[in-house]
Amino acid sequence: LMEIGDPASFQPLADALDLGWSAKGADRANAKIIEAAAALGGTKATPTVLKALEARSDLVKLEALEALIKLKDPASTDRLIRLVENESSA
């Protein structure tokens with residue numbers, strides 16, 4: 001869907017994100033969903049990508065951070081600052 005580039009594909013991708021999914025390969029699937037959703041949805045994807053920061057999978061969290069960097073949405077700033085502060089105090 002990302003290669004096709006149809007922005008209408010964003011919502012089905014966002015709906016497919018399942019952070020509770022424990023099947024083998026689920027972390028890779030969720031990471032690809034985040035990548036594609038951010039590419040197709042632009043800043044509309046920010047809430048979906050921010051939600052992915054809560055994932056158990058480090059791969060999913062990393063993809064979410066990379067997506068937020070690409071999106072450059074000021075709406076994510078507060079959440080990113082809190083994330084850094086929490087990591088600094090851990």
Side-chain angles (χ1 to χ4, degrees):
L1 291 174
M2 186 170 68
E3 290 177 16
I4 295 170
D6 183 0
S9 301
F10 163 71
Q11 195 56 54
L13 284 168
D15 293 343
L17 185 66
D18 185 353
L19 301 176
W21 195 14
S22 61
K24 184 176 181 178
D27 57 343
R28 288 190 308 274
N30 279 325
K32 284 297 190 183
I33 288 169
I34 293 163
E35 178 186 12
L40 294 169
T43 56
K44 184 168 74 170
T46 299
T48 300
V49 177
L50 286 171
K51 181 174 106 174
L53 290 175
E54 304 303 322
R56 285 180 264 149
S57 165
D58 289 338
L59 176 65
V60 174
K61 288 185 223 180
L62 178 61
E63 188 61 49
L65 286 170
E66 289 177 358
L68 290 169
I69 290 167
K70 290 175 188 172
L71 289 171
K72 298 179 182 176
D73 185 351
S76 66
T77 304
D78 288 342
R79 178 64 180 96
L80 291 171
I81 289 170
R82 285 195 314 274
L83 182 68
V84 170
E85 289 174 344
N86 288 343
E87 288 296 317
S88 296
S89 65

Once you round to the nearest 0.5 Å, how far does [atom1] of [X] lie from [atom2] of [Y]?
| X | Y | atom1 | atom2 | answer |
| --- | --- | --- | --- | --- |
| Ile33 | Arg28 | CD1 | CZ | 12.5 Å |
| Leu53 | Leu62 | CG | CG | 10.5 Å |
| Glu85 | Leu83 | CD | CG | 10.0 Å |

Tell me every residue that passes side chain to side chain donor-acceptor pair (under 3.5 Å) with [X], counting only those two or more places apart in sequence or in another chain.
| X | answer |
| --- | --- |
| Glu66 | none |
| Asp15 | Gln11 |
| Arg79 | Glu54 |
| Asp73 | Thr46 |

Search all heavy atoms of [X] against all heavy atoms of [Y] and return the closest pair with its distance.
| X | Y | result |
| --- | --- | --- |
| Ala38 | Val49 | CB-CG2, 4.3 Å |
| Ala45 | Ala37 | CB-O, 3.5 Å |
| Ala75 | Leu50 | O-CD1, 4.5 Å |
| Val60 | Ala55 | CG1-CB, 3.5 Å |
| Thr43 | Pro47 | O-CD, 4.1 Å |
| Gly42 | Leu71 | O-CD2, 3.2 Å |

Pairs in or reaching into residues 17-27: which pass side-chain hydrogen bond (donor to acceptor under 3.5 Å, both in side chains), with residues at least two apart or in two chains?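 Output for this query is empty, none listed.
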Student check: side-chain heavy atoms of Leu80 and Leu65 closer than 4.5 Å: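 A side-chain contact under 4.5 Å exists here.
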Looking at Glu35 and Lys32, does any basic side-chain N land under 4.0 Å from a carboxylate oxygen?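 A salt bridge is present here (some side-chain N lies under 4.0 Å from a carboxylate O).
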Excluding sequence neighbours, so at least two apart, what forms side chain to side chain contact (heavy atoms under 4.5 Å, CB included) with Lys51?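 Side chain to side chain contact (heavy atoms under 4.5 Å, CB included) check on Lys51 returns Leu17, Leu19.
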